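Structure first, then comments.
Just so it is clear, the values below take in all heavy atoms, side chains as well, and ignore hydrogens, waters and symmetry mates. All of these numbers come straight from a predicted model, not from anything done at the bench.
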Amino acid sequence: MDYLPLFADLRHRPVLVVGGGDVAQRKIDLLLRAGAGVRIVAQSLSESLASRHRAGDIEWLAQEFTPAHLEGVFLVIAATNDRALNAQVYQLANQRHLLVNVVDDQPNCSFIFPSIVDRAPLMVAISSGGQAPVLARLLREKLETLLPASLGLMAKIAGRWRARVAKQLPGGRERRYFWERLFYGRFASLAAGGQPDRAEEELQQQLYQPRQTSGEVSLVGAGPGDAGLLTLRGLQVIQQADVVLYDFLVSADVLELVRRDAQQICVGKRAGSHSMAQEEINHLLVSLAKEGKRVVRLKGGDPFIFGRGGEELQQLAQEGIPFQVVPGITAAAGATAYAGIPLTHRDYAQSVMFITGHCRPDGSALDWSTLARGRQTLAIYMGTVKAAEISRQLIQHGRAPTTPAAVIGRGTRADQCVLTGTLEQLEHLAQQAPTPALLVIGEVVDLHHQIAWFGQQVSTTRQSGRPTVVNLA
């Protein structure tokens, strides 16, 4: 161990910073966040530091450093572009047994600043001992994605209750089990959901009136396919799940991010070959939650856009099962962005409509007259089977046969395929496209040829309808 990790209480303690430029400013911002009393010696101050000085946040002692400035301080930081001055500050501070840091000069440091993940009061510090600071920063970025922002709130509430929990549960093991259940249970979900009062009520309930707790269901949108489009909150939730119920539209790359020891159950449905009825899925969600498990219902895209997420939550609400929702990037937003097709553009479309091509048998017919209006974009989910009918109805109700159209197959994935043509060619395009596929109709489709940037693009000429391939990978 080259350095002993320590967390220092700097509140109201004097810290001397020699230097007043941008580098010094970054260290001073960190010190002020920790409540330190910052004293500066510098020839001049940056604009930001001068503003802080006028506000009384920092004290500007002098322009020239002298050994007297080291008297009565807790820490010393040298951040000038004068190497001789920095070395002098280090030597004099060392002689007085003061901890000193010369910025970007590791040999002249008796302490170093780590990379910090701040979930105050919970803090994570990462250091490479000055050997590979970029590597430490990269590790910090990974931890930022894994540690929920709500950890700080949970720690603050736990701190307020720590003494009462110790009094109620005097045994160390019993106390540890209590906190583990709390931090993995409904308390954590309420904190993550921005409900601190209800989270504290849950803690009180579990402490003084413990009951058999049911599990919880998290309805999570997995996005359109690219695992990089899974939200940060979605990643955190699926890595805490005991069991994950997923659809066919959830990509293998996203499923790879699920906790290794979690049970995975495919409950996907495909047109014409339903593997599990919706009622069975609802029942399974309820029964697993009543067993006390943390259940994730993982759906492609966003669970509230043609995903039946609302239906499943209605059943959970009726059964009194706690739940939370983590939205996802819906296919219309993700697939079109990766295809270089903006859904709106002030020169082509002022509105966009999301439509499903797979309606309930007893559902009312689509309002084709409204859908056929010009200067709007239609994004049609699950429409490949009915592409011919969609094309016929739109043309019959006034949309021009030459209206640009696209079919985006397996959008955002490595094998994404974009076929473009016209509305009258829609059936032909849909027959060629790999599934899952999204239909896009409107003048914005023409922008694909200018700003497509991802994957392989397949275009059909409007004259012949014959496909040509352009590889953008």
Side-chain angles (χ1 to χ4, degrees), residues 1-11 13-43 46 48-49 58 65 67 69-70 73-149 151-152 155 227-228 232 235-236 239 256-257 259-260:
M1 182 187 295
D2 295 327
Y3 289 86
L4 177 66
L6 296 172
F7 289 89
D9 182 0
L10 297 183
R11 288 172 295 180
R13 296 182 187 271
V15 176
L16 178 67
V17 178
V18 181
D22 292 337
V23 175
Q25 178 187 318
R26 290 195 294 271
K27 300 303 182 186
I28 289 169
D29 288 342
L30 194 62
L31 293 168
L32 291 175
R33 283 170 54 190
V38 176
R39 302 174 180 178
I40 298 180
V41 174
Q43 290 287 336
S46 69
S48 176
L49 290 179
I58 58 179
F65 170 76
H69 292 134
L70 296 171
V73 299
F74 191 70
L75 291 177
V76 182
I77 298 169
T80 78
N81 56 10
D82 185 335
R83 294 180 63 88
L85 175 57
N86 289 343
Q88 180 189 13
V89 172
Y90 171 74
Q91 292 166 4
L92 292 171
N94 250 355
Q95 291 171 7
R96 289 161 173 77
H97 305 291
L98 294 171
L99 289 173
V100 59
N101 175 277
V102 177
V103 178
D104 294 331
D105 188 1
Q106 187 261 341
N108 284 332
C109 293
S110 56
F111 81 94
I112 56 178
F113 284 92
S115 291
I116 297 171
V117 180
D118 187 354
R119 300 290 187 271
L122 185 67
M123 306 290 289
V124 179
I126 307 128
S127 172
S128 66
Q131 302 302 307
V134 173
L135 181 60
R137 177 177 57 80
L138 293 175
L139 180 56
R140 174 207 162 193
E141 291 173 0
K142 291 182 181 296
L143 291 176
E144 288 278 9
T145 67
L146 296 174
L147 302 178
L151 287 178
L232 175 58
L235 175 63
Q236 293 166 349
Q239 291 187 337
E256 278 293 314
L257 300 174
R259 199 178 77 186
R260 294 298 179 193

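Taking Asp29 as the reference, Arg52 meet the side chain to side chain donor-acceptor pair (under 3.5 Å) condition, with sequence neighbours excluded. For Asp9, the salt bridge (charged side-chain N to carboxylate O under 4.0 Å, His left out) partners are Arg11, not counting sequence neighbours. Remark: Ser46 engages Gln25 in a side chain to side chain donor-acceptor pair (under 3.5 Å) (not counting sequence neighbours).
At a threshold of 4.0 Å, the pair Glu144-Arg119 counts as salt-bridged, since one of the basic side-chain nitrogens sits closer than that to a carboxylate oxygen.
For the residue pair Ile112 and Gly130, the shortest heavy atom distance occurs at CD1-N, 3.9 Å. The minimum heavy-atom distance between Ala125 and Pro114, with the atom names listed, is CB-CG, 3.6 Å. The heavy-atom pair separating Leu92 from Phe65 by the smallest distance is CD1-CE2, 3.8 Å. Gly20 and Leu49 make their closest contact through O-CD1, 3.4 Å (heavy atoms, listed as atom of the first residue, atom of the second, distance).
A distance of 5.0 Å separates CG of Asp118 from CZ of Arg33, quoted to the nearest 0.5 Å. Between atom CG of residue Asn108 and atom CD of residue Gln88 there is a gap of 12.5 Å, rounded to the nearest 0.5 Å. Once rounded to the nearest 0.5 Å, the distance linking CD of Gln106 with OG of Ser128 reads 9.0 Å. Note that the NZ atom of Lys27 and the CG atom of Asp22 stand 13.5 Å from one another [nearest 0.5 Å]. The CZ atom of Arg39 sits 13.0 Å away from atom CD1 of Ile58, with the distance rounded to the nearest 0.5 Å. Note: Leu232 CG to Leu146 CG = 8.0 Å, rounded to the nearest 0.5 Å.
Checking Tyr90 against Asn94 by side-chain atom types alone, a donor-acceptor pair falls below 3.5 Å.
Two residues are said to be in side-chain contact when any heavy atoms from C-beta on lie closer than 4.5 Å; Leu75 and Val100 fail this criterion. No side-chain heavy atom of Ile40 sits less than 4.5 Å from a side-chain heavy atom of Val18. Between Val89 and Val102 there is no side-chain heavy-atom pair separated by less than 4.5 Å. Side-chain atoms of Val76 and Asn101, non-hydrogen and from C-beta on, never get closer than 4.5 Å to each other.
Checking side-chain atoms of Asn86 against main-chain N and O of Asn81 turns up no donor-acceptor pair under 3.5 Å. Distance alone, capped at 3.5 Å, places no donor-acceptor pair between the Ser115 side chain and the Arg140 backbone.
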Exercise. Carefully, step by step, assess Ile126 and Leu143 under the rule side chain to side chain contact (heavy atoms under 4.5 Å, CB included).
Key: CA-CA 10 Å; Ile126 307 128; Leu143 291 176; 3.6 Å; yes

Quiz item: Could you walk me through whether Leu147 and Val117 pass the side chain to side chain contact (heavy atoms under 4.5 Å, CB included) check?
Solution: CA-CA 9 Å; Leu147 302 178; Val117 180; 3.9 Å; yes

Exercise. Please lay out, stage by stage, how Met123 and Ile116 fare under the test side chain to side chain contact (heavy atoms under 4.5 Å, CB included).
Key: CA-CA 7 Å; Met123 306 290 289; Ile116 297 171; 3.5 Å; yes

Exercise. Verify side chain to side chain contact (heavy atoms under 4.5 Å, CB included) between Ile77 and Phe111, making sure each step is shown before the conclusion.
Key: CA-CA 10 Å; Ile77 298 169; Phe111 81 94; 4.3 Å; yes

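The 12-atom threshold is not exceeded at CG of Asp104, counting heavy atoms of other residues, nucleotides or ligands nearer than 6.0 Å. Counting non-hydrogen atoms of other residues, nucleotides and ligands closer than 6.0 Å to CZ of Arg96 gives a total above 12.
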